[in-house]
Amino acid sequence: MQTLDKVFHLQDAHTTVKRELIAALTTFVSLSYILFVNPNILHAAGIPSGAAFTVTAIATAIGCFIMGLVANYPIALAPTLGSAAFFAYNVCGNMHINWQTALAAVLVASILFVLITTLHLRELVVDAIPQDLKYAISAGIGLFIAFIGLQNGKLIVNSSSSLVTLGKFSSPAVWITLFGLVLTVILMAMNVPGSIFIGMIVTAIFGICIGQIPLPHTFISTPPSMGPTFGQAIFHLKDINTPQLFIVVLTFLLVTFFDTAGTLIGMTEQAGLVDENGKIPRIGRAFAADSTAMIEGAICGTAPLGTSVESSAGIAMGGRTGLTAIFIGIFFLISMIFSPLLTVIPTTVTAPALIIVGVLMASNLKKIDWEKFEIAFPAFLIVVGMPLTYSISDGLALGMIAYPITMIATKRYKEVSIMMYILFFIFIGFFLITNL
């Protein structure tokens, strides 16, 4: 215990090994769907699903270990579904680029990512963002993941006339979600320790009892080999030799840069790691961790790794140090042999956790200075932009573009840092690149 405290500074963070373990288990259960969703997406690009499953588990575990040991943050690094979708459907699908070359593009973007991090450019960007907008980022991510939870639980579904609408109460998935949501809300209101995790476990049991969640046929299976994907990014670096592929590399770089920056700000704000001056301690180490994890993920054979928004579930349960991330990594390694058991935790079971965490993160809205329109408008764009565009980076970009405009209009342009003006043009370029 003393060794763990010396490495992770548990007492300074006012936490315990037990609390970190519960937090890690909560994050893992919330994030475990990535073990099945990511391989399905990568399989659409041509990557063997078995290898993709093992790569997802190993790459995520290594990423968590790096984050925990280097930055001492309770944050998981995992393949991001936005980047995975771009990888499979845009690069490999629409552009007809083979997945081996696409992995090489991810590797090149990752190397550039490390270079940018080494030059401390990412730290300059984060420190330049006004505190009100940081609160907006945290709240916006909260609404975003709550929206994901509502969709995963089928409480909100697609609508041809109004884009989204209320789900049908005749659906068994809705009843599982509602059961879990009501139970978790009651536990949270009663301040029961581990309420989110308890809610997910009881909800899974409820789903099994009503026959909607099947019991696994086996409990242990040998993990598939990741031989088909390992090292393919390195072997195909020579293929990155066309303007089209250079654009692909730049897009991976931009999307990952802004997704991870926005999510890291939101997670550290929620965990109370931001100091009284609005600075995030060890942010440089956190950036070094996620950029390094991108490289290992590309070499293993998966889409870019990034900061997982599901980390907020563990943070809500008290996770405060890198020990949480280490435990998450261990759980992902264990999951490779117990993968059949994960079938009892479908998205309808984890949906209530995401909704509750979204509520907790939305509390940062009260810290924004809504009385000043020049602050309120860009903050509002960030908050609503993330869920409505279904993208952390797009919502962040909307606010970053609006902020200098409103500040100039109110003659407060001198209060805007040079970096924020630079970001104004960068985000405009980001929109042009990613949306054209």
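From a predicted model like this one, the values you see are computed outputs, not experimental measurements.
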State, with a plain yes or no, whether a side-chain heavy atom of [X] is found less than 4.5 Å away from one of [Y].
| X | Y | value |
| --- | --- | --- |
| E310 | T350 | no |
| L25 | F331 | yes |
| F431 | D394 | yes |
| N40 | S49 | no |
| F65 | I330 | yes |
| M400 | L133 | yes |
| L305 | T80 | no |
| P223 | I337 | yes |

Using a 3.5 Å distance criterion without hydrogens, assess whether the side chain of [X] forms a donor-acceptor pair with backbone atoms of [Y].
| X | Y | answer |
| --- | --- | --- |
| S363 | L360 | yes |
| T26 | I22 | yes |
| T54 | P224 | yes |
| T203 | V349 | no |
| R320 | I315 | yes |
| T27 | G314 | yes |
| S291 | A288 | yes |
| S311 | S308 | yes |

Closest contact, heavy atoms only, [X] versus [Y]:
| X | Y | value |
| --- | --- | --- |
| A379 | I368 | CB-CG2, 4.0 Å |
| T324 | P74 | CB-CB, 3.8 Å |
| V106 | A298 | CG1-CB, 3.8 Å |
| P304 | M294 | CB-CE, 4.0 Å |
| P39 | I34 | CD-O, 3.4 Å |
| G318 | A23 | C-CB, 4.4 Å |

What do the steps show when you test I405 against F377 for side chain to side chain contact (heavy atoms under 4.5 Å, CB included), and what is the final call? CA-CA 10 Å; I405 296 175; F377 182 70; over 6 Å; no
From [X] atom [atom1] to [Y] atom [atom2], the distance as rounded to the nearest 0.5 Å:
| X | Y | atom1 | atom2 | value |
| --- | --- | --- | --- | --- |
| T56 | N38 | OG1 | CG | 4.0 Å |
| F380 | L365 | CZ | CG | 10.5 Å |
| M95 | T242 | CE | OG1 | 10.0 Å |
| I62 | T292 | CD1 | OG1 | 12.0 Å |
| L381 | T406 | CG | OG1 | 9.0 Å |
| F235 | I299 | CZ | CD1 | 10.0 Å |

Near [X] [atom1], under 6.0 Å, is it more than 12 heavy atoms from other residues, nucleotides or ligands?
| X | atom1 | value |
| --- | --- | --- |
| H43 | NE2 | no |
| Y421 | OH | yes |
| F246 | CZ | yes |
| L119 | CG | yes |

Matching residue for V55 among I47, T60, T302 - test: side-chain contact (heavy atoms from CB on, under 4.5 Å):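 Looking at I47, T60, T302, the match for V55 under the side-chain contact (heavy atoms from CB on, under 4.5 Å) is T302.
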Contact list for residues 280-306, test salt bridge (charged side-chain N to carboxylate O under 4.0 Å, His left out), sequence neighbours left out: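 For residues 280-306: R122-D290.
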What do the steps show when you test F113 against F252 for side chain to side chain contact (heavy atoms under 4.5 Å, CB included), and what is the final call? CA-CA 10 Å; F113 209 28; F252 274 130; over 6 Å; no
Evaluate the side chain to side chain contact (heavy atoms under 4.5 Å, CB included) criterion for residues W99 and Q232: first the C-alpha distance (whole Å), next the side-chain angles of each, then the deciding distance (0.1 Å), finally the verdict. CA-CA 9 Å; W99 61 266; Q232 292 298 321; 4.0 Å; yes
Mind jotting down which residue pairs meet the side chain to side chain donor-acceptor pair (under 3.5 Å) criterion with at least one end in residues 67-76? Sequence neighbours excluded, please.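 As it turns out, there is no side chain to side chain donor-acceptor pair (under 3.5 Å) pair with a partner in residues 67-76 once direct neighbours are skipped.
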Quick one, V357 with S312, criterion side chain to side chain contact (heavy atoms under 4.5 Å, CB included). Give me CA distance, side-chain angles, the key distance, then yes/no. CA-CA 7 Å; V357 170; S312 56; 3.0 Å; yes
Would you list the atom pairs, donor with acceptor, under 3.5 Å between side chains in residues 136-156 and any protein atom, with sequence neighbours excluded?
residue	atom	partner	partner atom	Å
S138	OG	N364	ND2	2.8
Q151	OE1	Y390	OH	2.9

Distance alone, cut at 3.5 Å: any donor-acceptor contact between the side chains of T15 and E20?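 Short answer, yes.
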Classify the ring geometry between F28 and F332 as parallel (under 30°), tilted (30 to 60°) or perpendicular (over 60°).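 The rings of F28 and F332 stand perpendicular, inter-plane angle above 60°.
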